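Written out below as structure tokens is the structure these notes cover.
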Amino acid sequence: MAQGFQRHQRVAGQIKREIAELIRDSGVDSGPNAPLTLLTITDCEVSRDLAHARIFYSVLDAREQPVAEQWFEEAAGHLRSELGHRMRLRIVPQLTFIFDNSIEQGMQMDALIRAVREKDVDGESDESDDESGNR
């Protein structure tokens, strides 16, 4: 019986690291057509047969998502080729890049929670003013 991570999960972790390194080394954030300030690989899922890999990415500024998507479409073949040189796999997975907006959603939720807490603190100070003024 298999213990720990299965092979496709270990391969997914390695692909995530290699793709992040390839992107960093390729200079994706430089040049007039790629004004990406921060591009992050958030996750990688690989099918059990290692034929397909879904790579999830996020950008700091959501307005840069279309630029990142276009860049990934154009660079997918090159990234797959480089991945094949770096990893010892019989079959290099077909790469699919998917935008992950969970970081942006988390920041929005954090802002909402912060706003509710500030409103709650303001409400408590108003109530304590009312209570002290009525006595």
Side-chain angles (χ1 to χ4, degrees):
M1 180 128 207
Q3 294 179 343
F5 292 104
Q6 294 182 357
R7 184 166 192 254
H8 72 280
Q9 293 170 322
R10 291 190 310 268
V11 169
Q14 184 65 30
I15 287 174
K16 179 181 172 185
R17 287 187 294 276
E18 294 292 344
I19 292 291
E21 188 174 310
L22 284 167
I23 290 169
R24 185 191 69 222
D25 294 345
S26 72
V28 67
D29 58 350
S30 62
N33 295 332
L36 300 174
T37 55
L38 182 63
L39 177 67
T40 305
I41 301 299
T42 58
D43 197 15
C44 179
E45 296 175 354
V46 177
S47 62
R48 288 186 182 271
D49 64 356
L50 305 179
H52 301 282
R54 296 177 5 159
I55 301 166
F56 297 89
Y57 68 93
S58 180
V59 290
L60 182 62
D61 186 358
R63 296 175 299 206
E64 295 178 343
Q65 189 270 330
V67 176
E69 185 176 353
Q70 180 182 357
W71 187 85
F72 277 123
E73 285 177 10
E74 294 171 0
H78 173 71
L79 291 173
R80 183 176 184 219
S81 173
E82 287 297 317
L83 200 60
H85 293 299
R86 290 177 176 227
M87 296 180 67
R88 292 177 42 157
L89 295 173
R90 190 168 34 127
I91 299 171
V92 179
Q94 187 70 34
L95 305 178
T96 304
F97 293 93
I98 300 168
F99 179 66
D100 181 6
N101 65 351
S102 62
I103 294 174
E104 182 181 341
Q105 288 176 340
M107 289 173 36
Q108 290 173 350
M109 289 178 63
D110 187 47
L112 287 172
I113 292 170
R114 195 175 311 116
V116 168
R117 283 186 176 169
E118 289 173 4
K119 188 176 180 180
D120 193 30
V121 169
D122 291 342
E124 287 178 6
S125 64
D126 291 344
E127 289 175 12
S128 63
D129 291 343
D130 289 343
E131 289 174 10
S132 61
N134 289 337
R135 288 187 183 175

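These numbers come from a predicted model, not from an experiment.
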> Are Leu79 and Ile55 close enough that some pair of their side-chain heavy atoms sits under 4.5 Å apart?
Replying inline: no
> Under 4.5 Å between any side-chain heavy atoms of His85 and Ser81, yes or no?
Replying inline: yes
Could you measure the distance from the [atom1] atom of [X] to the [atom2] atom of [Y]? Nearest 0.5 Å is fine.
X      : Y      : atom1 : atom2 : result
Asn101 : Met107 : CG    : CE    : 11.5 Å
Leu95  : Cys44  : CG    : SG    : 8.0 Å
Leu83  : His78  : CG    : NE2   : 11.0 Å
Glu74  : Glu69  : CD    : CD    : 11.0 Å
Ile41  : Ile15  : CD1   : CD1   : 11.5 Å
Ile23  : Leu39  : CD1   : CG    : 5.0 Å

> By side chain to side chain contact (heavy atoms under 4.5 Å, CB included), which residues pair with Glu104, not counting sequence neighbours?
Replying inline: Ala62, Gln108
>> Using modelled atom types and a 3.5 Å cut-off, is there a donor and acceptor pairing between side-chain atoms of Lys16 and backbone atoms of Thr42?
In response: yes
> Would you say the side-chain atoms of Ser58 pair up with the backbone N or O of Thr40, donor to acceptor, closer than 3.5 Å?
Replying inline: no
>> To check you understand the geometry: which heavy-atom pair defines the closest contact between Leu89 and Arg7, and what is its length?
In response: CD2-NH2, 3.9 Å
> Taking all atoms of both residues into account, what is the closest heavy-atom pair of Gln65 and Tyr57, and its distance?
Replying inline: NE2-OH, 3.5 Å
> Mind checking whether Val46 and Leu22 sit in one hydrophobic cluster, side chains of I, L, V, M, F, W, Y counted as touching below 4.5 Å?
Replying inline: yes
> Can you pull the side chain to side chain donor-acceptor pair (under 3.5 Å) pairs that have at least one residue in residues 89-98, sequence neighbours excluded?
Replying inline: Arg80-Gln94
> Which class fits the ring pair Phe72 and Phe97: parallel under 30°, tilted 30 to 60°, perpendicular over 60°?
Replying inline: parallel
>> Side chains of Arg86 and Gln14 only: does a donor on one sit below 3.5 Å from an acceptor on the other?
In response: no
